[in-house]
Amino acid sequence: MSLIKVDHVSKIYQGGEGAVYALKDTNLQVLQGQFLALLGPSGSGKSTLLSILGALNPPTEGKVFIDDIDIYGLDEERRADFRHEYIGFVFQQYQLIPYLTALENVMLPLAITRHSDQTQREMAQKVLEKVGLGSKSLRLPNQLSGGEQNRVAIARAIVNDPVILFADEPTGSLDTKTAKEILELFQALNKEGQTIIMVTHNLENLAYVSHAVQIRDGIIEKAPQPVVGGVI
Ligand code: ADP
Ligand code: ADP
């Protein structure tokens, strides 16, 4: 059974210059344990698809099932509960809170849980250790390098043990060496069973994933064979 099923989904944005068809009657299935790359040129609908899969953005038409739940059939409140239980999101610009330490940033998703403050601290510290930042947990984001900030964002996304981890262009602003380290971290999480869906422009990143699809003209297709060194 598929963990994720995208069933005839369309997304139409109403802009100043008329309707934009970001996704056109498209389908996708993702199995538990996959590390899926989502390719496609700028403007092709990758972020739209990621936000639809992440229960953040209702499609105009069609349905999205995750774990057999029709996620846009849920009311807003239940969909928020669903997001907390199922979804971890690493945003492109990380979106760390600048005046909170790495540890406090990672604790944020735990605030609504019933764990004690002490337990929340211990959970956040443990996840920061897992991403290699155990010794820097009391630093503020601006005291960390770009790659380290990315790791904090990843730690925050996984601290609740989500069913699916989403990452929007996670290596876009990193140098080659740091990007490689982040991809290796995702790969290690995937080996532990974490399902991951990652938007990327860079075909070199396909070396790290288990599956890849591309979006063309709002339709999801099988990705071409990776071209080493290539960039979409
Ligand atoms: P990508 O992530 O591949 O760059 P997006 O999903 O951001 O693509 O965008 C797909 C298309 O939808 C683009 O034409 C973009 O301009 C348009 N679009 C995205 N978000 C909005 C929005 N909130 N309002 C209007 N148009 C949008
Ligand atoms: P990277 O090679 O990972 O991009 P940098 O060269 O940016 O790392 O930083 C090297 C080390 O210096 C890192 O361990 C980071 O924690 C630390 N560092 C980077 N920027 C700052 C800062 N503004 N204040 C304090 N420490 C920093």
Side-chain angles (χ1 to χ4, degrees), residues 3-30 34-66 71-72 74 76 79-80 82-83 86-96 146 149-150 153-154 156-157 162 164-174 179 182-183 186 195-227 229-232:
L3 175 61
I4 303 175
K5 189 161 183 267
V6 172
D7 190 15
H8 294 284
V9 160
S10 296
K11 181 71 186 185
I12 304 167
Y13 293 110
Q14 296 297 341
E17 296 127 50
V20 176
Y21 284 74
L23 295 172
K24 291 180 202 161
D25 191 19
T26 198
N27 299 300
L28 173 70
Q29 301 210 24
V30 182
Q34 288 189 341
F35 183 0
L36 179 76
L38 206 58
L39 301 162
S42 186
S44 63
K46 301 183 299 296
S47 299
T48 296
L49 178 61
L50 210 63
S51 62
I52 288 176
L53 293 175
L56 292 165
N57 186 11
T60 313
E61 283 168 42
K63 289 189 173 180
V64 179
F65 297 93
I66 297 182
I71 60 174
Y72 292 101
L74 302 173
E76 291 278 352
R79 186 140 50 83
F82 171 88
R83 270 199 304 276
Y86 276 80
I87 308 293
F89 223 104
V90 183
F91 295 96
Q92 212 168 352
Q93 304 302 330
Y94 314 144
Q95 299 191 4
L96 301 177
Q149 290 177 36
N150 199 339
I154 294 168
R156 187 178 58 185
I164 311 163
L165 177 60
F166 293 96
D168 195 351
E169 202 74 71
T171 60
S173 59
L174 302 176
I182 294 294
L183 288 162
F186 279 121
T195 305
I196 305 175
I197 302 185
M198 169 178 81
V199 162
T200 182
H201 267 84
N202 193 335
L203 291 179
E204 284 182 62
N205 291 351
L206 294 188
Y208 297 87
V209 304
S210 68
H211 295 77
V213 293
Q214 70 174 349
I215 306 189
R216 243 179 30 182
D217 298 329
I219 293 170
I220 305 164
E221 303 176 339
K222 197 167 178 289
Q225 289 303 304
V227 181
V231 168
I232 277 194

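Counting convention: from 1, in listed order, for ligands and their atoms alike. Numbering of residues begins at 1 and proceeds along the displayed sequence. Computed over heavy atoms, backbone and side chain alike; hydrogens, waters and symmetry mates excluded. Fair warning: this is a prediction, and the values are worked out from it, not measured in the lab.
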Considering only protein heavy atoms, which is closest to [atom], and at what distance to one decimal place?
atom	value
atom 9 (O) of ligand 1	Thr48 OG1, 4.0 Å
atom 19 (C) of ligand 1	Tyr13 CE1, 3.4 Å
atom 7 (O) of ligand 1	Ser47 CB, 3.8 Å
atom 13 (C) of ligand 1	Gly43 O, 3.6 Å

Is it the case that [X] and [Y] place a side-chain donor and acceptor less than 3.5 Å from each other?
X	Y	result
Tyr13	Thr48	yes
Lys5	Asn27	no
Asn205	Thr200	yes
Gln92	Glu169	no

Checking Tyr72 side chain against Asn57 main chain: does a donor-acceptor pair fall under 3.5 Å?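 Present.
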Main-chain N/O of Ala55 paired to Arg79 side chain as donor or acceptor, under 3.5 Å: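 Yes, the answer is positive, given that a donor and an acceptor are paired below the 3.5 Å cut-off.
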Any chance you could lay out the side chain to side chain contact (heavy atoms under 4.5 Å, CB included) test for Phe186 and Val209, step after step, and finish with the verdict? CA-CA 9 Å; Phe186 279 121; Val209 304; over 6 Å; no
Any protein heavy atom under 4.0 Å from atom 15 (C) of ligand 1?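 Flag for atom 15 (C) of ligand 1 set to false, no protein heavy atom closer than 4.0 Å.
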Among all the protein's heavy atoms, is there at least one whose distance to atom 1 (P) of ligand 1 comes out below 4.0 Å? yes
Check each atom of ligand 1 against the heavy atoms of Pro41 and keep those under 4.0 Å away; list them by number with element.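 So the atoms of ligand 1 that pass are 3 (O).
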Just jot down the ligand 1 atoms closer than 4.0 angstrom to any heavy atom of Ser42, in number order. 4 (O)
Any non-hydrogen atom of [X] lying under 4.0 Å from ligand 1?
X	result
Ser44	yes
Gly218	no
Gly45	yes

Could you give me the CA-CA distance, side-chain angles and deciding distance for Leu203 and Leu39, then say whether side chain to side chain contact (heavy atoms under 4.5 Å, CB included) is met? CA-CA 8 Å; Leu203 291 179; Leu39 301 162; 3.7 Å; yes
